[in-house]
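The structure appears right after this line, and notes come after that.
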Number of protein chains: 2
Amino acid sequence: MSLAKFRLDYDDAMPPEDWTDRHVARWRDHWSGIAYDDEVEGIVTRIGRIARYLDRTVKDAAAASDLQESEYKTLHVLMIRDTPGSASPTELAEDLRISGAGMTGRLDALEKKGWIKRVSAIDDRRRVIIQITPKGTEIWRGAMGNRGTAEDELVSSLSARDRASLNRILKKLTVYIESLDT
Amino acid sequence: MSLAKFRLDYDDAMPPEDWTDRHVARWRDHWSGIAYDDEVEGIVTRIGRIARYLDRTVKDAAAASDLQESEYKTLHVLMIRDTPGSASPTELAEDLRISGAGMTGRLDALEKKGWIKRVSAIDDRRRVIIQITPKGTEIWRGAMGNRGTAEDELVSSLSARDRASLNRILKKLTVYIESLDT
DNA sequence: GACGAAAGATTAGCTAGCGAAGTACTTTTC
DNA sequence: GAAAAGTACTTCGCTAGCTAATCTTTCGTC
């Protein structure tokens, strides 16, 4: 009980100043005529900075396995689906939010390295099925390991209680966002 | 008091299922041999998705003022500094995290449109000073207005209490991240 | 105070990804 | 059952941004 109380106090203490605090303080005054809210700006800016950090960790994890970020991400979306390691170029392009033309380029490179292969679908010969190879699976798994570490370390700088709160509140935001696009 | 209690209950209620929940459920099993934590994955994935949504709102805000995202962002970093509307190409390139060469290209385009001008520094003639023009300021302010709206709407889907908690917890993460890079 | 090193910006050549057009199939429609 | 419309992927030409090289000016030091 007193432990719980201690935890509460500990969690609720405001952390020291960060880059965003300085940014907000500097910018508060320059928005004359435009609606401005410190708290909104703080949340939005911090989410942006955290996301950028996470992107960087993905890039580093890829580099540690001698992969380009785009190569890692392509293998990744190929693996994290209902049918792991198997998908059409169109599906992958949608997941990666790149064009079909861009996808062809990426797949060409991956195929040349022997990490995926193209097989044509028997039932519909317009379609191509991308299949990850054992070599591709192995290299993806390697990068995956490095990546987890950095994410775990970031999140473990929070108490269990903060982790749960954060997840809950973030989910409110994603639920809102997902309710927007029909 | 009873209102406060109600709010507490309301805030703490788990929101409905989102994309990330489905993603986590689907992927929990496929990580055999790799450390995996639902909560970490949830936080990381949600932050990524929210950041992407925010990026999209910036892009839309820019488009609504007939600006390319890169044009808006360039004007933006030029405006949000200690000396608003005035900076060197190198400083801008650092803020935008693009190369010097890329910066030259962007500035060429903005100068042609009459939104910035290059003046050379009197004290150090290697340096070029980028100055925003009144026309540039006006177009930036326009895009700025649209942008705030979407961000405000997103954040206002949270209670005041959740907003404060979120900001506090995010700040712990940014403090951690900023402690990493020396 | 001269000359090599450094700094700031630009130019040159390259690459990834884009949109639009093209190719090869499949489905719909009359 | 053949023409028209639609779908899946690839090719083509272009653009933005990258690295490396260059040009101009300034700084440091002997």
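Reckoned from all heavy atoms, side chains included, excluding hydrogens, waters and symmetry mates. Chain identifiers are assigned alphabetically (A, B, ...) following the order of the sequence lines, protein sequences preceding nucleic acid strands; residue numbering begins at 1 within each chain.
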Any ion pair linking [Y] and [X] (charged N to carboxylate O, less than 4.0 Å)?
X: B/Arg168; Y: A/Asp162; answer: yes
X: B/Asp21; Y: B/Arg46; answer: yes
X: B/Glu111; Y: B/Lys117; answer: no
X: B/Arg28; Y: B/Glu41; answer: no

* Asked: DNA chain D: A/Asp108 or A/Arg127, which has the more 5' nearest nucleotide?
  ->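 So the residue in question is A/Arg127.
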Grab the [atom1]-[atom2] distance between [X] and [N] for me, whole Å please.
X: B/Leu96; N: D/dA16; atom1: CG; atom2: P; value: 15 Å
X: B/Glu69; N: C/dC18; atom1: CD; atom2: C1'; value: 15 Å
X: B/Glu91; N: C/dA9; atom1: CD; atom2: P; value: 8 Å
X: B/Arg97; N: D/dT19; atom1: CZ; atom2: C1'; value: 19 Å
X: A/Asp124; N: D/dG6; atom1: CG; atom2: C1'; value: 12 Å
X: A/Leu107; N: D/dA8; atom1: CG; atom2: P; value: 16 Å
X: A/Leu67; N: C/dA16; atom1: CG; atom2: P; value: 15 Å
X: B/Met103; N: C/dT10; atom1: CE; atom2: P; value: 10 Å

* Indicate whether the side chain of A/Ser120 and that of A/Arg125 have a donor and an acceptor atom separated by less than 3.5 Å. =>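 Side chains of A/Ser120 and A/Arg125: no pair found under 3.5 Å.
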Within the structure, does a side-chain N or O atom of [X] lie under 4.0 Å from either OP1 or OP2 of [N]?
X: A/Arg106; N: C/dG17; value: yes
X: B/Arg126; N: D/dT24; value: no
X: A/Arg118; N: D/dT10; value: yes

* Could you say whether A/Gly105 or A/Ile122 is positioned toward the 5' end of DNA chain C, judged by the nucleotide with the nearest heavy atom to each? =>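 By nearest-heavy-atom nucleotide position, the 5'-most residue is A/Gly105.
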* To do: Hey, which sits more toward the 5' end of DNA chain C by its nearest nucleotide, A/Gly100 or A/Arg125?
  =>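 Taking each residue's closest nucleotide, the earlier one in sequence belongs to A/Gly100.
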* The side chain of B/Ser99 lies closest to which of these nucleotides: D/dC18, D/dT11, C/dC25? ->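 Nearest to the side chain of B/Ser99 among the choices is D/dC18.
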* A/Ala101 side-chain proximity, nearest of D/dC18, C/dA20, C/dG8 ->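 Comparing D/dC18, C/dA20, C/dG8 against the side chain of A/Ala101, the answer is C/dA20.
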Could you pull out every donor-acceptor pair under 3.5 Å between side chains of residues 47-54 of chain A and any protein atom, sequence neighbours left out?
none

* **A/Glu138, CD: over 12 other non-hydrogen atoms inside 6.0 angstrom** =>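 Atom CD in A/Glu138 is not crowded, with 12 or fewer foreign heavy atoms closer than 6.0 Å.
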* Axis-to-axis angle between the two ends of the helix from C/dG1-D/dC30 to C/dC30-D/dG1 (five base pairs per end, rounded to 10 degrees) ->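 Nearest ten degrees gives 10° for this helix.
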